[in-house]
Amino acid sequence: MRVSGILPDAFVFPIVIKALGTRGVWLHGHVVKMGHGGDCFVRNAVMDMYARHGPIEFARRLFDEMSERMVADWNCMISGYWRWGDEVEADKLFGSMGVRNVITWTAMVTGYSKRGDLVSARRYFDQMPEKNVVSWNAMLSGYAQNGFAEEGLELFNEMVSGGGVQPDETTWVAVISSCSDRADPKLANSLVNMLKEKNVRLNGFVKTALLDMYAKCGNLAAARKTFDELGTFRNVVAWNAMISAYTRVGDLKSARELFDRMPRKNVVSWNSMIAGYAQNGESAMAIEVFKEMINSKDTKPDEVTMVSVISACGHLGALELGNWALNYARKNQIPTSISGYNAMIFMYSKCGNMKDAERVFHEMERKDVISFNTLITGFAAHGDGLSAVNLMWKMKEYGFQPDRITYISVLTACSHAGLLEEGKKVFESIGAPDVDHYACMIDLLGRVGKLDEAKRLIEKMPMAPHAGVYGSLLNASRIRKRIDIGEFAAKELFRIEPENSGNYVLLSNMYASMGRWNDVERIRGEMKTGGVMKTTGWSYVEYNGKLHKFIVGDTSHERSKDIYKLLMELRKKMKLAGYMADKESVLRDVEEEEKEEMVGTHSEKLAVCFGLLVSEPGAVIRVVKNLRVCWDCHEAMKIISKLEGREIILRDNNRFHSFHNGLCSCKDYW
DNA sequence: ATAGGGTTAG
C-alpha cells in the first residue's frame, strides 16, 4: 500500500484509520503486517476505531493487551462504553484510572447527559479540576437536548460571567436551542443582540438553530428569512425546521408546499408533515401521508411516525385502521416507545374499546404521567367516573404525582358521572387549583343541579374566570332550565368571545326548549348582525377499513343520493310513528333546514344514514363527530335507533353517546 | 452541534 509515494508511517496511519470509519477494519491487518502495531498512536487509532464502530470487545482486547497505556487509551475506551450504552464499564474504567485529563471528565459528562441523567452529569462537571470550552458545551448540550432549558441558560450565564472561556459555535447552538424550548421572544432578542455585539461568525448549525428559535419564539417572518438566506447551509434539517414552523402555527398549506418541494426527505420530514396534520385536526390527511410514506419506499417509518398515526386513528375512531397500523409496526419491527403505548391507550379508548386500553396500560413496563392521564380521560369519556377517581388515587402508589391535566380529566369524569362528593374531595386535594380546575368544578356543580353554588364559586375564584367557566355554567343552566343564570353566563360569554357561535346557539336552544320563540329569533338576529358564523365539523364512519367523511349538507359522497333518500324515508317513518308531533319543538330546526333542500342536514345524521346503508342489519354503527353533538341530532338518534333496531354509538370530541332502543347512555346531556 | 411524537377543554 502506498500513500503519496512513500510507505505509510505511524503518523499517517491514525489519520487514515479515522477517516475510513468502519471501513478501517481491513487496515487493521495491514498495520500488524507492516510492523506499526507496536506504535502507541497507531494502536490507539485502531482501538478507537473498534470502540466507535464495534465490536467494543475487540477494542477492549487491544486495551487489555497494552503494557503501557496513555490517557487517550483510557478515554477512548470510556467513550466507547458510553457509546454502546455500558454505563457500568465506563464507570469502572473511570474509577480505576490513575491520571485523568479534561477529556476524561468531559466524556463522563457527555455520557451521563446522553443517558438523560443530568444530575450525575452535573456532578462530574462540578468536580472537574479544569474545564475547557468542550466541557462547558457538553453540559450545555446535555441540558438543551434533554429539555432542561432553564438550567442550560443559567449555566450559560455562569459561563460568560466567570467561566474563563469564550463560547464557540457549539456553545451557541446549545444555548439557542435552550432558548427555543423556552419560546420566549424577549430572550431570543437578547440572544440575537449578544451575537451581534460579539460579532460571532455564524456557521450553518448556528443559523439553522436560529431559524428554529425564531419560529418557536413566534417570529415566523424572521425564520423564513433565515431559511431563504441559508444558501449552501440549507440542508434537510433546515427544511424540516421550516416545515414544523408552519405546522406549529397551523399553516398546513405552506408546510405542504415546502414538503413537496424539498430536494431530499428523511424520516423526520415525513414525521413532521404527519404530525403537523395530526396536531391540526387533519387526522385523515395524516394517515394519507403515512400511506404515501409507505408507498414511497425510500424512507421507513419509525416509532415517532407510529405515535402520530396511532393517535390520528384514535381521533378518527378508526379502529380497523388503527389495528392495521399496529400490525404494520409489528411486522416491520418498529419499536414502541412510551409515547407509542400512550397513543395506543388513546386510540383504543377513543374507539370505545376500554378493555384493550386497560390491557395496554397494564402491559406497559414503564409508564409515565401521560399513560395515567390518557386512561383516566378514557374512563371519563365513557362515563366511568369511579374508575377514573380510583386510578388517580392509585397513581400516587405507583410513585406518580398527578399533574394539572390529571385533575382536569378526573374532575371531568366526576362531572360526567355525577360524582359530586368524590369530585369535591379531588378538588380539595389540589394544592393550587388553576382556572381550568375551577371550570371543571363549576361544570360538576352545574350538572348535579347546584347552580347557585356554582355561581358562588365563580365569585370566589382567585383569578379571572375564562370562557370555559361561563360555558359550563351556561350549559348547566340549559339542562336545568335556569334561565336567570343562563342569561348571566351568556352575557359574560358574549363579552369574552363574541365570535363563538356555540354560545348563541346554546342560549337560543335554551329559549327554544321553553317555547320562547321570540327570544330565539332575537338571539338569531344578534348572531346575524354580529356576523357570527355557525361552526361546522366533519363526521366520520369507518367502513371496510376506509374512512367516509361528511360535513353539514354534504352532497359530495358517492352514495349521497341514497343517503338523502334514506333520510327522507326515516323522516316519514318518524312522522308516522308519531315522533314528530311529540318532539315538534325539538325538531323544529330540522324541518326548517330540510326544507331548504336539506342544505343544513347535520353531518352526523348523514354519517349514520351511510352506516345504515352499508352495514349488516343489526350491526352497531359508530360515528365520530369533530364537534359536539347537536341537540336535535341527539333526539333523532334516539328515534332512529328504535325504528331501525340498531345500536348507534356516537362520539363527539370528548364523550360517547350510545343510542339503543330509543334511549341514550348520556342522560344528562340534552 | 441544528429538525419530528403521546394526554386535558363548555
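Order of the sequence lines sets the chain letters (A, B, ...), proteins ahead of strands, with each chain counted from 1.
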Quick check: does any side chain N or O of A:Arg447 sit under 3.5 Å from a backbone N or O of A:Ala476, one acting as donor and the other as acceptor?
no

Side-chain atoms of A:Arg404 come closest, of B:dT8, B:dA1, B:dG5, to B:dT8

In whole angstroms, the gap separating P of B:dT7 from CE of A:Met392 amounts to 22 Å

From the candidates B:dT8, B:dA1, B:dA3, the one with an atom nearest any side-chain atom of A:Val237 is B:dA3

Partner residues of A:Asp168 under the salt bridge (Lys or Arg N to Asp or Glu O under 4.0 Å) criterion, sequence neighbours left out:
none

Expressed as a whole number of angstroms, how long is the span from A:Leu230:CG to B:dT2:P?
16 Å

Picking from B:dA9, B:dT2, B:dG5, which would you name as closest to the side chain of A:Glu303?
B:dG5

Any salt bridge linking A:Glu292 with A:Arg256? Criterion: basic side-chain nitrogen under 4.0 Å from a carboxylate oxygen.
yes

B:dA9, B:dA3, B:dG10: which one has an atom nearest the side-chain heavy atoms of A:Asn475?
B:dG10

Is there a donor and acceptor pair, one atom on the side chain of A:Ser311 and one on the base of B:dG5, closer than 3.5 Å?
no

With sugar-phosphate meaning primed atoms plus P, OP1 and OP2, does A:Ala278 contact a base, only sugar-phosphate, or nothing at under 4.0 Å between heavy atoms?
nothing

The criterion is salt bridge (Lys or Arg N to Asp or Glu O under 4.0 Å); which residues satisfy it with A:Lys225, sequence neighbours excluded?
A:Glu229

Nucleotide nearest A:Ser339 when distance is taken to its side chain, options B:dT8, B:dT2, B:dG5
B:dG5

With sugar-phosphate meaning primed atoms plus P, OP1 and OP2, does A:Ser337 contact a base, only sugar-phosphate, or nothing at under 4.0 Å between heavy atoms?
base

Taking atom types as modelled, is there a side-chain donor on A:Thr305 or A:Asp302 under 3.5 Å from an acceptor on the other?
yes

Out of B:dA1, B:dG10, B:dT8, whichever nucleotide has its closest atom nearest the side chain of A:Lys350
B:dT8

Value in whole Å for how far the C1' atom of B:dT2 lies from CG of A:Asn203
9 Å

Indicate, with a heavy-atom threshold strictly under 4.0 Å, whether A:Ser141 touches base, sugar-phosphate, or nothing.
nothing

Could you tell me whether A:Asn137 contacts a base, only the sugar-phosphate backbone, or nothing, with contacts defined as non-hydrogen atoms closer than 4.0 Å?
nothing

Which whole-number value in Å describes the distance from A:Met344 CE to B:dG5 P?
20 Å

Between A:Asp443 and A:Asn475, do the side chains contain a donor N or O and an acceptor N or O under 3.5 Å apart?
no

Heavy atoms under 4.0 Å, any strand shown: does A:Ile310 hit a base, just sugar-phosphate, or nothing?
nothing

Check the orientation of A:Phe494 and A:Tyr504. Use parallel for under 30°, tilted for 30 to 60°, and perpendicular for over 60°.
parallel

In whole Å, what is the span from the CG atom of A:Leu506 to the P atom of B:dA9?
17 Å

A:Ser371 side, atom OG; A:Ile345 side, atom CD1 - distance, nearest 0.5 Å
5.0 Å

Distance in angstrom units between A:Leu210 CG and B:dT2 C1', rounded
10 Å

Expressed in angstrom and rounded to an integer, what is the separation of A:Leu444 atom CG from B:dG10 atom P?
13 Å

Ionic contact status for A:Glu492 with A:Arg495, cut-off 4.0 Å:
yes

When only distance counts, do a donor and an acceptor, one from the side chain of A:Asn266 and one from the base of B:dA3, lie under 3.5 Å apart?
yes

Short side-chain N/O contact from A:Gln145 to OP1 or OP2 of B:dA1, under 4.0 Å:
no

As a test of reading the structure: which of B:dT8, B:dT7, B:dG10 is closest to the side chain of A:His315, going by heavy atoms?
B:dT7

Of the listed nucleotides B:dG5, B:dA1, B:dT2, the one nearest the side chain of A:Ala209:
B:dT2

Validate the cation-pi geometry between A:Lys455 and A:Phe488: distance from NZ or CZ to the six-membered ring centre under 6.0 Å, angle to the ring axis within 45°.
yes

By the 4.0 Å heavy-atom rule, please label A:Arg248 as base, sugar-phosphate, or nothing.
sugar-phosphate

In this structure, how many angstroms lie between the P atom of B:dA9 and the CG atom of A:Asp443, rounded?
10 Å

When you measure from every atom of DNA chain B, which of residues 358-376 of chain A have a heavy atom less than 4.0 Å away?
A:Asp368, A:Ile370, A:Asn373, A:Thr374

Just to be sure I understand the rule, does A:Ala275 reach a base, reach only the sugar-phosphate, or reach nothing, if contact means heavy atoms closer than 4.0 Å?
sugar-phosphate

May I ask you to say what A:Phe346 touches in the nucleic acid, namely base, sugar-phosphate or nothing, with a heavy-atom cut-off under 4.0 Å?
sugar-phosphate

What contact category does A:Asp403 fall into here, base, sugar-phosphate, or nothing, at under 4.0 angstrom with non-hydrogen atoms?
nothing

Please work out if A:Val206 contacts a base, only the sugar-phosphate, or nothing of the nucleic acid, heavy-atom cut-off 4.0 Å.
nothing

Of the candidate nucleotides B:dA3, B:dG10, B:dA1, which contains the atom at the shortest distance from the side chain of A:Lys216?
B:dA3

Quick check for you: among B:dG10, B:dA9, B:dG5, whose closest atom lies nearest to any side-chain atom of A:Thr377?
B:dA9

